[in-house]
Amino acid sequence: MSVEKTLVLLKPCTVQRALIGEVISRFEKKGLRIVGLKFMQLDDAILTEHYAHLAERPFFPGLKESMMVTPVVALALEGIDAIEVVRQMAGATNGRKAQPGTIRGDYSMSGQQNIVHASDGPESAEVELRRFFREGEIFDWVNPLHRSLYATDEC
Ligand code: UDP
Ligand code: MG
């Protein structure tokens with residue numbers, strides 16, 4: 001149990017479908033603290049780096065293309081075990097297979113247009129937060145509701 005930060009991207013499909021507010025709201029209501037938030041136009045270079053693990057896959061060019069159609073919303077979220085919590089909230093990669101109640105399960109019918117990216121572990125979270133947020137763009141603001149979100153022995 002440790003306080004973690006994780007990266008979420010709201011993909012262009014989410015921007016186009018006017019789901020930005022709804023998806024951000026789910027993270028807020030869960031009790032995750034938004035510590036970074038911005039609109040960004042991605043380019044081929046950053047996407048080639050971000051999706052390097054998929055470079056050999058046939059859908060790689062189409063995936064990058066789909067991520068450049070509109071700006072994306074980059075979110076840095078913080079909370080206890082936030083990386084795993086956010087992955088669980090996102091659900092399985094393919095929206096058709098994702099459980100109802102997850103973000104992809106509730107809003108996506110696609111294996112590619114699947115609403116969010118979420119870091120998949122502590123190493124990728126660290127690298128990805130640095131990839132999408134500059135120094136000074138992540139804020140450590142005080143949440144007065146902290147005691148309602150966590151037990152004393154959890155903080
Ligand atoms: N993707 C795709 N076709 C596939 C698998 C993945 O277009 O068959 C896209 C999809 O948008 C996914 C992204 O590639 O979110 C990154 O894939 P990854 O395996 O890292 O899944 P994720 O971590 O997003 O669940
Ligand atoms: Mg991934």
Side-chain angles (χ1 to χ4, degrees), residues 1-135 137-140 149:
M1 204 172 62
S2 61
V3 177
E4 295 173 338
K5 289 184 180 62
T6 189
L7 175 84
V8 168
L9 299 176
L10 305 189
K11 297 185 176 189
C13 58
T14 310
V15 175
Q16 289 183 315
R17 290 174 58 198
L19 290 172
I20 294 174
E22 200 150 326
V23 175
I24 290 179
S25 182
R26 288 170 77 127
F27 293 122
E28 282 191 300
K29 286 174 184 164
K30 176 69 173 168
L32 289 152
R33 180 162 73 133
I34 298 173
V35 293
L37 174 59
K38 63 176 177 175
F39 222 17
M40 279 177 92
Q41 177 59 53
L42 304 184
D43 61 19
D44 192 76
I46 196 168
L47 286 164
T48 299
E49 190 179 287
H50 185 62
Y51 286 128
H53 63 294
L54 300 169
E56 305 308 321
R57 305 294 291 275
F59 58 81
F60 185 59
L63 170 62
K64 289 196 291 181
E65 202 66 25
S66 75
M67 291 294 288
M68 294 189 277
V69 170
T70 69
V72 300
V73 177
L75 275 175
L77 298 176
E78 189 192 81
I80 294 176
D81 300 337
I83 299 165
E84 174 65 15
V85 167
V86 170
R87 285 290 288 191
Q88 295 283 351
M89 289 178 75
T93 304
N94 187 322
R96 294 190 298 279
K97 307 243 168 75
Q99 288 287 323
T102 64
I103 292 167
R104 288 161 168 174
D106 286 351
Y107 301 116
S108 168
M109 279 294 284
S110 169
Q112 180 166 95
Q113 309 287 59
N114 59 1
I115 312 296
V116 288
H117 164 82
S119 304
D120 64 6
E123 295 79 21
S124 60
E126 201 189 320
V127 171
E128 290 176 359
L129 284 165
R130 256 188 282 116
R131 180 174 298 139
F132 290 93
F133 286 95
R134 290 197 210 95
E135 192 89 27
E137 289 183 333
I138 291 185
F139 298 85
D140 188 27
L149 288 167

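Each ligand, and each atom within it, is numbered from 1 in the order the structure gives.
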Using the side-chain hydrogen bond (donor to acceptor under 3.5 Å, both in side chains) rule, collect all pairs that involve residues 77-87, keeping only residues at least two apart or in two chains.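 Of all non-adjacent pairs touching residues 77-87, those that pass side-chain hydrogen bond (donor to acceptor under 3.5 Å, both in side chains) are K5-E78, R33-E78, E84-Q88.
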
What heavy-atom pair brings K11 and N114 nearest, and what distance separates the two atoms?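 Looking at all heavy atoms of both residues, the shortest contact is NZ-OD1, 2.7 Å.
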
Who are the residue neighbours of ligand 1 when the rule is a heavy atom under 4.0 Å from any of its atoms?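 Within 4.0 Å of ligand 1, protein side: K11, Y51, H53, L54, F59, L63, R87, T93, R104, G111, Q112, N114.
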
Could R130 and E126 be called an ion pair, given the rule that one side-chain N must be under 4.0 Å from one carboxylate O?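 Between E126 and R130 there is a salt bridge, with a charged N closer than 4.0 Å to a carboxylate O.
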
So does K38 have more than 12 non-hydrogen atoms from other groups sitting under 6.0 Å from NZ?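 Atom NZ in K38 is packed in, count exceeds 12.
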
Side chain E4, main chain I83, donor-acceptor under 3.5 Å: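 Looks like yes, one N/O pair under 3.5 Å.
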
Working for side chain to side chain contact (heavy atoms under 4.5 Å, CB included), residues D140 and V35: CA-CA 6 Å; D140 188 27; V35 293; 5.7 Å; no

